[in-house]
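What follows is a short report on a single structure.
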Amino acid sequence: MTLQEAKFEYLLRLGDSSLIIGHRLSEWCGHGPILEEDIALINIALDFVGNATSLLEYAGKVEGKGRNEDDLAFMRGEREYRNLLITEQPNGDYANTIARQFLFDAHMFFLYEELKNSKDETIAAIAVKSHKEITYHLRHTSQWMLRLGDGTAESHTRLQNAVNELWMFTSELFDMDEVDAILIKEGIVPDLTKVKAAWEKQVNEVFAEATLTVPETKFKQKGSKEGKHSEHLGFLLAEMQYVHRSFPDAKW
Amino acid sequence: MDDAKQVEAFEAKIASGQKIEPKDWMPEAYRKQLIRMMSQHAHSEIVGMLPEGNWITRAPNLRRKAILLAKVQDEAGHGLYLYSATETLGIDRTELLSQLHTGKAKYSSIFNYPTLTWADIGAIGWLVDGAAIMNQTALARGSYGPYCRAMVRICKEESFHNRQGYEIMMHLAQGTPEQKALAQDALNRWWWPSIMMLGPSDDQSPNSDQLMRWKVKMESNDAIRQRFIDRTVPQADFIGLTIPDKDMKLDEKTGSYTHGPINWDEFFDVIKGNGPCNAKRLKARVDADKEGAWVREAAAAYAAKQSKQKQVA
């Protein structure tokens, strides 16, 4: 694998994760538990779509085959998508959405903190911008983890169940393969071992304050790096891509 | 009964162009009318998120998706701002929302129409927000301070929404034949509801002298409608779309367009609850409220625990 190929692949992983979780959040639009949360969720979704756009645009340039961000977002199928499995999981109830978002935000926060030092100037610049946004996201979801975890008996049960269900998708956040190895060597991306340690510390602290138990699930779901997704992604992409694909020659 | 002298002072203040502020004395009829109008406006903002939100996940490219997200977020913000402004009149948001959920309070009739294609997102920005701006710029000159200030801010954002809607329509109209057909179809479906949303014609909706004197209502429905039509018809011409009104013609003397008869039966039917999406829209709001109850309870319980801990410490 060449450096260029590794970089392209890595950018898809980052960009796809942001795009897919942004899509999930946008599904809440108009249906949130309180108006302030509707505003927050749409705002966060917008940040993710913006971040995905920057990453996919750059991915297209790195690839050098004339594909732009829309080609990459709308014309790739299920097996070509590289988003983390946790990002495509359905919204469920608010506890599910908050748990999914918190686990992902914490990962992104520490990952992008490292990416700010990337030797690739474009990745570093995107990371600087995104990290500011993610700081707010993580604060928001951490606060909701506390409210739901240490709120009522019902909210506690719902959140603990949500965390238990999602836990099997968290180990994948820190898996590394040849792509990582090539880019780590060049100082372009961080070793995820460090990110994992910071993530675990953060998650443990918030869980403790939220009176949640860290699940003991040993089973781990993986596959996003090879484009092996859950069945949910196909439906999500069908919805997201159909207008774009229905009008092949159209400019919007 | 309001003290006649207080009413006199209140009216003199309005006549002199000063604003009425929350702590000022006001007649009960003024307060009630404003609560009705402002909450209806707030409800329209949040119900309006539903037809537009319907297309966020299917927007045709990433740029359009981001713009639509930002726009719907603005509408939610308007809702929040307007609920807060209404609360200055001595009623809280929970009560206002319960009026929406029980059907006691209304929202704009226009949001009971479905968004069937992507072009509808263009049509809503161009026509629905365009019509709303006509009404709201007038209301910004009204007498109640918090509402006027809300209108100034909201109109700025709505003008932007209006332009982005027109820009969507322009791209479609100048696009492939299929895209142009989408744009014309959306205009055909949204034109009449848009001009109806400005309210019944003046002969069916006599403006009370009092509401005009109190600057709660600033202009008649027909006057606002005419301004909207005169502004919009040339815009349609410019991008090669046809207003679906065979009687529409320019009156050379006045420079205004005369329009064909409006189907007011349809309008009143939709207001009564019989539009294509009334039940769906209301159910979405009621469901969100019900399904969010445990979340709000948890937040309240957590806040109570936190403040208790602070007291102990």
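Chain letters run A, B, ... following the sequence lines, proteins first and then strands; every chain starts at 1.
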What part of A:Asp150 lies closer than 4.5 angstrom to a heavy atom of chain B: side chain, backbone, both or neither?
both
If you count heavy-atom pairs under 4.5 Å with chain A, which of B:Ala293, B:Gly122, B:Gly48, B:Ala299 comes out on top?
B:Ala299
Between B:Arg296 (side chain) and A:Pro33 (backbone), is there a donor-acceptor pair under 3.5 Å?
yes
Could you pull out the closest heavy-atom pair between B:Leu62 and A:Phe74, with the gap in Å?
N-CE1, 3.7 Å
Please classify the contact of A:Ala45 with chain B as side chain, backbone, both or neither, using a heavy-atom distance under 4.5 Å.
both
Compare every heavy atom of A:Leu35 with every heavy atom of B:Leu80, then report the nearest pair and how far apart it is.
N-CD2, 3.5 Å
Of all heavy-atom pairs linking A:Trp252 and B:His171, the shortest is C-CD2, 3.6 Å
If we only count heavy atoms from C-beta on, is the B:Trp294 to A:Thr152 side-chain gap below 4.5 Å?
no
If only atom types and distance count, is the side chain of B:Lys65 paired as donor or acceptor with the main-chain N or O of A:Val49 below 3.5 Å?
no
Scanning both residues in full, the closest heavy-atom pair of B:Ala288 with A:His31 reads CB-O, 3.7 Å
What one should report as the nearest heavy-atom pair of B:Pro60 and A:Val243 is CB-CG1, 3.9 Å
Value rounded to 0.5 Å, distance of CD in B:Gln306 from CG in A:Leu146:
7.5 Å
Residue selection (most heavy-atom pairs with chain A, distance under 4.5 Å) from B:Gly292, B:Ala76, B:Ala301:
B:Ala76
Answer with side chain, backbone, both or neither: which region of A:Leu236 has an atom nearer than 4.5 Å to a non-hydrogen atom of chain B?
neither
Count the heavy-atom pairs under 4.5 Å between each of B:Ile168, B:Val295, B:Val47 and chain A, then report the option with the highest count.
B:Val295
For A:Tyr242, which atoms come within 4.5 Å of any heavy atom of chain B: side chain, backbone, both, or neither?
side chain
If you measure from NZ on B:Lys305 to CZ on A:Arg147, what distance do you get to the nearest 0.5 Å?
13.5 Å
Would you mind checking which part of A:Ala95 comes under 4.5 Å of any heavy atom in chain B, side chain (CB onward), backbone (N, CA, C, O), both or neither?
both
Got a salt bridge between A:Arg158 and B:Glu297, using NZ or NE/NH1/NH2 to carboxylate O under 4.0 Å?
no
So which part of A:Trp144 gets closer than 4.5 Å to some heavy atom of chain B, the side chain, the backbone, both or neither?
side chain
Nearest heavy-atom approach of B:Ala298 to A:Leu148 is CB-CD2, 3.9 Å
Which value, rounded to the nearest 0.5 Å, describes the distance between B:Gln179 atom CD and A:Asp249 atom CG?
9.0 Å
Considering only heavy atoms and a distance below 4.5 Å, find which of B:Leu50, B:Asp74, B:Leu172, B:Leu97 pairs most often with chain A.
B:Leu50
